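Every chain is numbered from 1, with letters handed out A, B, ... down the list of sequences. Note: hydrogens, waters and symmetry copies are ignored here, and every other heavy atom, side chains too, is used. Values in this document were obtained by computation on a predicted structure and should not be read as measured data.
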Amino acid sequence: MEPLIEARSLGKVFPMGGGPVHALRDISVQIAAGEYLTIRGPSGCGKSTLLHILGCVDTPSSGTLRFDGRDVSALPDHARSDLRLRSIGFVFQRFFLLPMLTAAENVDVPQAEAGVSRADRKRRTAELLDYVGLGHRAGHRPSQLSGGEAQRVAIARALANRPRLLLADEPTGELDRANGEHIAELLDRVQADGTTVVVVTHDAALAERAGRRLVMRDGLIEREEHAR
Amino acid sequence: MRALIFAVRSLVRQPGRTALGIIGIAAVGALLFDMLLLSRGLVVSFRDLLDSVGFDVRVTATDSPLPGGIRLTDATGAAAQIARLPGVAEAVPMRTATGEVWQTGRPVIGLMLTGMDPGARRPWTLITGADLGPSLAPPDLVVNQSLMDEVGGALGSEVTLRTGCDSSRAALAPRTFRIVGIAQFPFDDEAQRTAVMTRTALREACGDDKDEADMLMVASSGGAGAAVAAIRAARPDLVPVTNEQIVARMQTQGFTYFRQISAVLSTITLLFGFLLITVLLTVSVNQRLAEIAALRALGFSRGRAAADVLLQGAMLVGAGGILALPLGFALSLWLDQILKAMPGIPASMHFFVFEPRALVLHAALLVTTALLASAYPMWLVARLPIATTLRNEVVG
């Protein structure tokens with residue numbers, strides 16, 4: 001079966017004043033469609049950098065990245081934007097919901113950007129807010145939502161254009177345990193419904209829920225674990 | 001969600017800053033609008049003034065279109081000859097002089113005098129009383145309201161007038177005139193005292209034995225240009241000029257200062273507008289870097305993110321620019337009053353005159369400013385490194 005993501009020998013070097021910093025060194029990983037993968041490791045080990053490259057918001061300094069069989073490592077910016085818009089969803093630690101928009105409008109934004117019709121957007125937005133359990137909060141602004149609710153809206157927004165891949169960078173990092181558990185359950189459900197999920201986290205409990213876990217150190221994959 | 005609504009919401013989320021920005025642009029736009037009105041105001045106003053007189057060609061003996069130079073000789077004959085030319089409806093000789101009203105026990109009143117026989121057209125508008133008639137015993141005099149107030153008599157009363165027709169001549173004996181009407185003279189300023197009598201009466205008052213005039217006022221029947229060509233062909237010794245040519249001459253000479261002042265102030269105003277918009281948008285972008293990076297990560301293209309900034313700039317300028325129009329219009333009325341208080345400015349002339357082209361230019365300059373001012377914040381957005389910005393936000 002063709003993997004959804006195939007990274008070969010990925011390297012990422014950041015030029016710094018005190019000399020280049022090697023954030024990623026020769027990383028190779030394959031992620032199958034529908035898989036749930038978590039990436040763990042200490043701060044600065046390169047896990048967020050890897051996530052950004054897998055999500056096409058950053059480009060590798062070396063190596064190749066294939067998304068659904070297509071080499072995307074050297075795509076021009078507009079093509080990577082389009083790929084992210086239609087095929088990749090992002091969830092951030094700090095949610096980054098637009099504060100001037102309601103929950104429903106935040107979910108509407110990526111769909112409008114993708115050219116979805118108004119009627120379809122309305123239907124999809126309602127469906128997604130119900131999916132994350134916030135149908136009753138559609139008209140609320142982010143400032144009127146709790147952290148857990150805001151992150152659920154952010155997940156709904158990330159799923160708006162039915163992406164094949166959902167990337168989450170420390171999705172429970174700003175949440176208390178109970179809310180973190182809700183988000184973890186929601187990510188389980190997203191994966192169970194067929195979306196490939198990749199999560200970067202410090203949260204061991206969250207990491208344990210994935211079928212496959214990568215542990216990184218110093219820009220390298222130190223070990224790979226599989227659920228029993 | 002449409003880009004326009006998105007940009008509106010982005011602006012509205014910072015209502016104080018947006019309001020201050022719009023007010024700032026309105027103030028800048030009002031000044032710009034006034035400078036545009038000023039840049040051509042006098043020219044337009046002067047042209048309207050010339051056209052309001054009813055004559056569109058002036059014929060003089062020299063290149064100067066204004067009275068006071070070398071006079072035309074055989075003015076009656078020249079006027080008659082020109083009036084017969086094709087494309088000419090009427091030609092009337094006009095002579096100017098100064099005068100003094102003498103009243104027992106009262107100070108002498110100085111005035112400007114015009115000698116002109118009323119034809120089908122005349123460069124004054126009768127307000128009350130009668131117009132000039134052929135009577136010479138005593139001759140009729142039509143005065144402006146200012147002179148009438150100063151003289152203090154009633155219509156039909158007689159005044160003693162000493163004319164000053166030529167500075168090289170000895171003082172002339174005063175003569176008696178009858179005030180038959182009050183008229184408005186288009187070139188009068190607020191305080192000016194003016195009177196008109198027939199050219200025959202002025203000639204007698206001046207003691208002239210020659211039939212002279214300062215100029216011939218000509219009304220064309222088929223366009224000023226054609227009349228000028230016909231006059232040039234018939235009388236190459238005379239200099240006919242159209243109102244347009246007089247305006248063009250004033251534009252390159254007398255009114256240049258206003259154009260230059262207007263250009264300098266417009267440039268400075270636009271520079272302030274440019275800086276204001278650039279600062280507002282740049283501050284806004286810098287406060288929203290993480291949010292913009294997140295949108296980019298969600299699939300917003302560089303162009304779309306930059307267009308959002310441009311739209312915000314356009315809306316700030318649009319709202320400020322629209323507010324600037326009533327503000328600028330009110331300001332121009334006030335400034336016009338101040339400038340018109342200068343001596344020698346005809347009451348019906350204006351420094352700030354509205355023309356549709358001023359509105360178009362105002363809009364075009366503001367749009368250009370918005371585009372240029374948005375360029376830097378747009379560039380910031382377009383080159384924003386998504387991953388680094390997101391990482392910095394989390395670390396920060």
Asker: Decide if atom CG of A:Asp218 counts as having more than 12 heavy atoms of other residues, nucleotides or ligands within a radius under 6.0 Å.
Answerer: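 Incorrect, the count does not exceed 12.
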Asker: Within the structure provided, determine whether A:Pro99 and B:Glu291 are in side-chain contact (heavy-atom separation under 4.5 Å).
Answerer: yes
Asker: Just checking A:Arg189: does its CZ atom have more than 12 heavy atoms from other residues, nucleotides or ligands closer to it than 6.0 angstrom?
Answerer: yes
Asker: Identify the two heavy atoms, one from A:Arg84 and one from B:Gly299, that lie closest to each other, and give their separation to 0.1 Å.
Answerer: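 That would be CB-CA, 4.1 Å.
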Asker: Suppose a student defines contact as a heavy atom less than 4.5 Å from any heavy atom of chain B. Which residues in residues 64-72 of chain A would they list?
Answerer: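 Not one residue of residues 64-72 of chain A has a heavy atom under 4.5 Å from chain B.
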Asker: Going from CZ on A:Arg80 to OG on B:Ser301, what distance comes out if it is rounded to the nearest 0.5 angstrom?
Answerer: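 Answer rounded to 0.5 Å: 12.5 Å.
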Asker: Side chain, backbone, both or neither: which part of B:Arg296 has an atom under 4.5 Å from a heavy atom of chain A?
Answerer: both
Asker: Are more than 12 heavy atoms, taken from residues, nucleotides or ligands other than A:Arg8, located less than 6.0 Å from that residue's CZ atom?
Answerer: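 Open: at most 12 neighbouring heavy atoms sit under 6.0 Å from CZ of A:Arg8.
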Asker: Nearest 0.5 Å please: distance from the CG atom of B:Leu295 over to the CD atom of A:Glu113.
Answerer: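 It comes to 8.5 Å.
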Asker: How many angstroms lie between atom CZ of B:Phe6 and atom CG of A:Leu101, to the nearest 0.5 angstrom?
Answerer: 6.0 Å
Asker: Let me see the working for B:Leu390 and A:Phe90 under side chain to side chain contact (heavy atoms under 4.5 Å, CB included), right down to the final yes or no.
Answerer: CA-CA 12 Å; B:Leu390 291 172; A:Phe90 260 98; 5.7 Å; no
Asker: In terms of heavy-atom pairs under 4.5 Å, which option from A:His78, A:Arg118, A:Glu170, A:His52 contacts chain B the most?
Answerer: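 Of the candidates given, the most pairs with chain B belong to A:His52.
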Asker: Counting heavy-atom pairs under 4.5 Å to chain A, which of B:Ser10, B:Gly303, B:Pro385, B:Ala293 comes out on top?
Answerer: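 Between B:Ser10, B:Gly303, B:Pro385, B:Ala293, the count favours B:Ser10.
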Asker: Using the side chain to side chain contact (heavy atoms under 4.5 Å, CB included) criterion, which residues pair with B:Val317? Sequence neighbours excluded.
Answerer: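 Expected list: B:Ile25, B:Ile277, B:Leu366, B:Ala370.
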Asker: Out of curiosity, B:Arg391 CZ to A:Thr49 OG1, how far, rounded to the nearest 0.5 Å?
Answerer: 4.5 Å
Asker: Is it the case that more than 12 heavy atoms not belonging to B:Phe354 sit under 6.0 Å from its CZ atom?
Answerer: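 More than 12 within 6.0 Å, yes.
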Asker: Counting only non-hydrogen atoms closer than 4.5 Å, does A:Phe92 touch chain B with its backbone (N, CA, C, O), its side chain (CB onward), both, or neither?
Answerer: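 Looking at A:Phe92, just its side chain touches chain B.
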Asker: Take a 6.0 Å sphere around OH of A:Tyr131 and say whether it holds more than 12 heavy atoms from other residues, nucleotides or ligands.
Answerer: yes
Asker: Taking it one step at a time, do B:Leu298 and A:Phe96 satisfy side chain to side chain contact (heavy atoms under 4.5 Å, CB included)?
Answerer: CA-CA 11 Å; B:Leu298 289 170; A:Phe96 293 136; over 6 Å; no
Asker: Quick check for you: to the nearest 0.5 Å, what is the distance between B:Arg13 atom CZ and A:Met100 atom CE?
Answerer: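 Rounded to the nearest 0.5 Å, the CZ-CE separation comes out at 5.0 Å.
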Asker: Tell me, for A:Arg157 versus chain B, whether the close heavy atoms (under 4.5 Å) come from the side chain, the backbone, both or neither.
Answerer: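 Just the side chain, heavy atoms under 4.5 Å.
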